[in-house]
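Notes to accompany the following structure.
Because only heavy atoms are used, hydrogens play no part in the values below, and waters and symmetry mates are left out as well, while side chains stay in.
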Amino acid sequence: MKTLQFNVPTMRGQSLTIQEDILETFYPHFHRHQEAQLMWIKKGKGVLIVEDTLHPFKENDIFFLGANQPHVFKSASQDGFSNESRSVSIFFDPNGKLKSLFSLEEFESLNQFIYNNSRGFKVPDSYFSQIAERVCLLKSADQMDKLMHFFYL
């Protein structure tokens, strides 16, 4: 499967991109982007293809995908017709605008976490409420508060 290089739309003066998608189906192309991605499936189900592995997904699953990790969320429905998808994604590039901040010693544990999980993972269900709450706070915040909520997340 050919991998497309995807450029995440960024807003000027922002080091994080928070994107909420409400679509008929999830983005259907196998792709990658330089940013790491935290994605909350708010509605929909299907199969996540990451590199050469398959992972079923459903409503309220949260996934962390490493930077440049090829992936696609393939929608599926029981009736074959309704595939509506809703998701919230947080994109960040630890080697981009955030690099100087991430190089501070106080962020060493965060750097290690990102490095050790560069192949991504599904967030355990037991963390869903905490993470969903943080994502909602981050989504509604602006400027410095957005960055603070990101680091708490």
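Linking ILVMFWY side-chain heavy atoms closer than 4.5 Å, directly or via other members, places V72 and M39 in two distinct hydrophobic clusters. By the rule that hydrophobic residues join a cluster once side-chain heavy atoms approach within less than 4.5 Å of another member, I62 and I49 end up as members of separate clusters. Connection of L137 to L38 is not established within any shared hydrophobic cluster, with ILVMFWY side chains joined at heavy-atom distances below 4.5 Å, either directly or through further cluster members. Both I18 and W40 belong to a common hydrophobic cluster when Ile, Leu, Val, Met, Phe, Trp and Tyr are linked at side-chain heavy-atom distances under 4.5 angstrom. In the hydrophobic cluster analysis, where Ile, Leu, Val, Met, Phe, Trp and Tyr join through side-chain heavy atoms closer than 4.5 angstrom, I90 is grouped apart from Y27.
Contacts of H55 classified as side chain to side chain donor-acceptor pair (under 3.5 Å), with partners at least two apart in sequence or in another chain: T53. Applying the ring pair (Phe, Tyr, Trp, His ring centres under 6.0 Å) rule to F91 yields the partners H33; only residues at least two apart in sequence or on another chain are considered. Under the rule for a side chain to side chain donor-acceptor pair (under 3.5 Å), the partners of Q19 that lie at least two apart in sequence or sit in another chain are D21. With sequence neighbours left out, the side chain to side chain donor-acceptor pair (under 3.5 Å) criterion links S89 to Q37. For A67, there are no side chain to side chain contact (heavy atoms under 4.5 Å, CB included) partners at least two apart in sequence or on another chain. Take D125 and apply the side chain to side chain donor-acceptor pair (under 3.5 Å) test, not counting sequence neighbours, and it matches K122. For the side chain to side chain contact (heavy atoms under 4.5 Å, CB included) test, residues two or more places apart in sequence or in another chain that qualify with F113 are N117, F121.
Between the CG atom of N95 and the OG atom of S103 there is a distance of 11.0 Å, given to the nearest 0.5 Å. Between atom CD of residue Q69 and atom CD of residue E51 there is a gap of 4.5 Å, rounded to the nearest 0.5 Å. Going from atom CZ of R86 over to atom CG of L23 covers 10.5 Å, rounded to the nearest 0.5 Å. Rounding to the nearest 0.5 Å gives a distance of 8.0 Å between CZ of F73 and OG of S87.
Residue pairs meeting the salt bridge (charged side-chain N to carboxylate O under 4.0 Å, His left out) criterion with at least one partner in residues 90-113, sequence neighbours excluded, do not occur; the list is empty. For residues 66-75, the set of pairs meeting the salt bridge (charged side-chain N to carboxylate O under 4.0 Å, His left out) definition, not counting sequence neighbours, is empty. Listed by first and then second residue, the salt bridge (charged side-chain N to carboxylate O under 4.0 Å, His left out) pairs that reach into residues 30-39 come to none, sequence neighbours excluded.
Contact detail for L101 and F107: the closest heavy-atom pair is O-CD1, 3.1 Å. Between K45 and K58, the closest heavy-atom pair is CB-CA, 4.0 Å. Listed here is the closest heavy atom pair of H31 and F6: CD2-CB, 3.8 Å. Contact detail for F57 and L48: the closest heavy-atom pair is CD2-N, 3.5 Å. Across all non-hydrogen atoms, the minimal contact from P56 to D61 is O-OD2, 4.2 Å.
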Exercise answer: donor-acceptor pairs, residues 142-153 side-chain atoms, under 3.5 Å, sequence neighbours excluded:
unit_1 : atom_1 : unit_2 : atom_2 : d
H149   : ND1    : R134   : NH1    : 3.3

Worksheet item: Run the side chain to side chain contact (heavy atoms under 4.5 Å, CB included) check on F92 and I114 step by step: do they pass?
Response: CA-CA 11 Å; F92 66 97; I114 291 168; 3.6 Å; yes

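By the 4.5 Å side-chain criterion applied to Ile, Leu, Val, Met, Phe, Trp and Tyr, Y115 is assigned to no cluster and stands alone.
For the side-chain contact (heavy atoms from CB on, under 4.5 Å) with I22, the qualifying choice from K42, E84, K43 is E84, the only one to do so. V88 pairs with exactly one of L138, V135, I41 by the side-chain contact (heavy atoms from CB on, under 4.5 Å) rule, that one being V135.
Judged by distance alone, the side chain of S75 and the main-chain N or O of F26 form a donor-acceptor pair under 3.5 Å.
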